[in-house]
Protein chains: 2
Amino acid sequence: MDAQIEAIKKGSTKEKILDAALELIAQMGYQKASMRKIAKKVGLRESAIYNHYKNKEEIFFAIMQKLFVTDFDNFFLKKPPQEHAHRGKRYLYEYVATIKLISFDPKHEKLFRIVLWELMENSEVRKMFLEHFFDKNIKNLAEAFFLMMQKGLIRSGDPMLTAQEFFAPLFYFRIQILLFKMENRSTTHLSTIFEKHVDFFWEGVCINSFEPT
Amino acid sequence: MDAQIEAIKKGSTKEKILDAALELIAQMGYQKASMRKIAKKVGLRESAIYNHYKNKEEIFFAIMQKLFVTDFDNFFLKKPPQEHAHRGKRYLYEYVATIKLISFDPKHEKLFRIVLWELMENSEVRKMFLEHFFDKNIKNLAEAFFLMMQKGLIRSGDPMLTAQEFFAPLFYFRIQILLFKMENRSTTHLSTIFEKHVDFFWEGVCINSFEPT
DNA sequence: GTCTATACACTGATAGAC
DNA sequence: GTCTATCAGTGTATAGAC
């Protein structure tokens with residue numbers, strides 16, 4: 001019992017190292033976040049870290065796995081295209097609401113910073129990035145748009161192209177939010193842009209727009 | 001005369017240093033492209049470089065200035081919105097043709113690699129990046145779309161939003177091309193996507209699409 | 001302008017005492 | 001598990017001879 005309380009209080013040294021490393025890497029990048037700095041933040045000598053992780057790389061991938069894999073791709077699990085695509089515009093609203101939530105969440109912001117930072121340096125990160133932003137999301141959205149085309153909700157065309165056209169601005173806005181924050185530029189006008197995007201997109205593709213308003 | 005020939009042959013040590021640095025930085029990033037490596041590539045001792053450039057940072061900004069400032073923003077100089085926007089879709093085709101040309105040009109590819117690499121690290125690079133991809137191009141395109149709205153070529157709306165909607169996929173494709181190349185993934189299907197984007201976009205915004213085909 | 005030699009800070013990582 | 005001590009390597013940059 002005492003041991004358990006102690007473990008929670010300490011949060012296990014392994015966890016504390018990960019937290020400290022996440023903080024530092026998000027703040028100054030992988031290279032500059034040295035083992036010495038991580039150790040200092042945790043309150044350890046740098047050599048003690050090597051009892052918990054083989055090397056710096058192992059710490060990095062522990063962070064990536066914990067955040068990227070588990071927290072990033074949850075929308076389509078909750079709202080699979082097959083079941084919800086028929087709702088058309090509402091489905092898209094919910095999709096961008098998720099992206100928006102993620103874009104402004106501090107934890108995901110840290111992760112996204114790290115990912116962008118290591119995008120050129122680290123092939124594993126690059127593969128995760130490509131899979132998420134250029135494969136997985138596009139594939140799922142394409143399926144949704146294919147169903148919408150079948151139901152006659154939107155004009156027919158290449159579902160993959162449609163998915164990219166819908167997704168690209170979200171990608172663009174998300175990077176914009178991150179960079180604006182880094183440069184201390186205001187992001188308030190970006191809070192409504194996600195919904196505006198859906199409106200603009202929907203007006204361009206929906207069948208009803210053929211009838212002039 | 002002899003001195004001039006010699007200068008051309010040598011290309012001036014200063015220039016050779018820039019070329020070598022560009023190559024190395026694009027290949028391994030700013031951090032890992034050490035002064036030792038740059039010197040070795042030029043055929044100098046590392047200390048000799050300091051006779052030409054104060055430090056590594058000065059080399060970096062010499063490259064940035066040379067490439068980014070001069071070669072990046074040339075489209076709107078040749079085709080200002082005021083004079084060409086009335087041509088509607090054709091103007092957009094020419095715009096994406098320029099972007100496409102840049103995206104597949106080896107020299108610009110190197111620059112873009114470096115920029116993405118240093119995006120998180122270097123505030124100056126970040127400012128250039130933001131100015132180019134989120135301010136300048138959007139502002140110019142918004143002007144073009146505003147004129148198109150006035151001429152009744154496209155449905156009216158917020159010109160800035162329209163510009164972002166048109167530009168974001170180009171941004172998305174360009175990053176995709178770079179990352180795919182880095183991962184040795186095929187980019188052949190991306191060579192036609194720029195034109196497809198214009199078609200998709202135009203079908204969504206042009207006035208004539210109100211009449212069913 | 002270019003060389004040799006060197007200074008100095010910092011990196012990731014290891015050996016061995018406790 | 002954590003400590004002290006230490007390693008080899010890499011980084012930018014400078015002093016002074018030629």
Side-chain angles (χ1 to χ4, degrees), chain A residues 2-25 27-64 114 117-118 120-122 124-125, chain B residues 2-64 114 117-118 120-122 124:
Chain A
D2 273 1
Q4 201 180 346
I5 290 166
E6 184 68 7
I8 291 165
K9 193 180 171 187
K10 280 175 67 182
S12 88
T13 314
K14 239 175 138 80
E15 279 296 320
K16 284 171 92 173
I17 291 170
L18 281 194
D19 288 346
L22 169 64
E23 210 67 38
L24 284 174
I25 295 172
Q27 194 191 327
M28 57 183 72
Y30 179 77
Q31 294 242 26
K32 290 191 178 172
S34 67
M35 293 295 260
R36 279 168 170 73
K37 284 175 191 158
I38 296 169
K40 197 173 181 181
K41 195 171 177 91
V42 181
L44 286 175
R45 301 290 143 174
E46 69 231 54
S47 55
I49 292 184
Y50 291 92
N51 289 318
H52 301 277
Y53 295 96
K54 207 181 76 187
N55 52 29
K56 192 178 170 183
E57 212 185 353
E58 199 175 280
I59 295 177
F60 182 73
F61 283 118
I63 293 172
M64 282 293 108
I114 295 177
W117 223 317
E118 291 305 305
M120 294 291 120
E121 200 72 41
N122 192 309
E124 291 302 315
V125 171
Chain B
D2 273 359
Q4 201 180 348
I5 289 167
E6 184 70 8
I8 291 164
K9 193 181 170 187
K10 282 174 66 182
S12 88
T13 313
K14 239 176 136 80
E15 279 295 320
K16 285 170 92 174
I17 291 169
L18 280 195
D19 288 346
L22 169 63
E23 210 66 38
L24 284 175
I25 294 173
Q27 196 191 326
M28 57 183 73
Y30 178 78
Q31 293 244 24
K32 290 191 177 170
S34 67
M35 293 296 261
R36 278 164 170 62
K37 284 174 190 159
I38 296 170
K40 197 172 181 181
K41 195 170 178 93
V42 181
L44 287 174
R45 302 289 144 177
E46 68 228 55
S47 54
I49 292 184
Y50 291 92
N51 290 318
H52 303 277
Y53 295 96
K54 207 182 77 187
N55 52 29
K56 194 178 168 184
E57 211 184 355
E58 198 174 282
I59 296 177
F60 183 73
F61 283 117
I63 294 173
M64 283 292 108
I114 295 176
W117 223 316
E118 291 305 306
M120 293 291 119
E121 200 73 41
N122 192 309
E124 290 303 315

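To find a chain, count down the sequence lines: A is the first, B the second, and so on, and within it residues start at 1. The analysis underlying the following values was restricted to heavy atoms, covering all of them including side chains, and did not include hydrogens, waters or symmetry mates.
Computed from coordinates, the A:R45 CZ to C:dG12 P distance equals 17 Å when rounded to whole Å. As a whole-Å value, the separation of A:K40 NZ from C:dC10 P is 11 Å. Rounded to whole angstrom, the span from the NZ atom of B:K32 across to the P atom of C:dT11 amounts to 15 Å. For the pair A:I49 CD1 and C:dT14 C1', the interatomic distance rounds to 14 Å; values are reported in whole Å. Distance B:I38 CD1 to D:dA13 C1': 14 Å, rounded to the nearest Å. Computed from coordinates, the B:Q31 CD to D:dG11 P distance equals 10 Å when rounded to whole Å. Rounded to whole angstrom, the span from the NE2 atom of B:H52 across to the C1' atom of C:dC3 amounts to 12 Å. Rounded to whole Å, atom P of D:dG1 lies 13 Å from atom CD of A:E15.
A:K14 comes within 4.0 angstrom of nothing in the nucleic acid, heavy atoms only. A:E46 comes within contact range of at least one nucleobase, with a heavy-atom separation under 4.0 Å.
Proximity of B:W117 to B:Y30: side-chain heavy atoms (C-beta onward) are nowhere separated by under 4.5 Å. At a threshold of 4.5 Å between non-hydrogen side-chain atoms, the residues A:K37 and A:E46 do not count as touching.
When the nucleotides C:dG12, C:dC3, D:dG11 are ranked by their closest atom to the side chain of B:K56, D:dG11 comes out on top. Here the nucleotide nearest the side chain of B:A48, chosen from D:dA13, D:dT4, C:dC3, is C:dC3. Across D:dC3, C:dA13, C:dC3, the shortest atom-to-atom separation from the side chain of A:R36 is found for C:dA13. Taking the side chain of B:S47 as heavy atoms from C-beta on, and the options C:dG12, C:dA5, C:dT11, the nearest nucleotide is C:dA5. When distances run from any side-chain atom of B:Y50 to the nucleotides C:dT4, C:dT11, D:dT14, the shortest one goes to D:dT14.
Partners of B:K41 by side-chain contact (heavy atoms from CB on, under 4.5 Å), not counting sequence neighbours, listed by chain and number: B:A20, B:E23, B:L24.
Put simply, the side chain of A:K14 gets close to the backbone of A:H52: a donor and an acceptor are under 3.5 Å apart. Looking at A:K56, its side chain does come within 3.5 Å of a backbone N or O of A:A33 through a donor-acceptor pair.
One finds a side-chain N or O of B:N55 lying less than 4.0 angstrom from the OP1 or OP2 phosphate oxygen of D:dA13. For the pair B:S34 and D:dG11, the criterion of a side-chain N or O lying under 4.0 Å from OP1 or OP2 is met. Remark: B:K54 is not in phosphate contact with D:dA13, judged by side-chain N or O atoms under 4.0 Å from OP1 or OP2.
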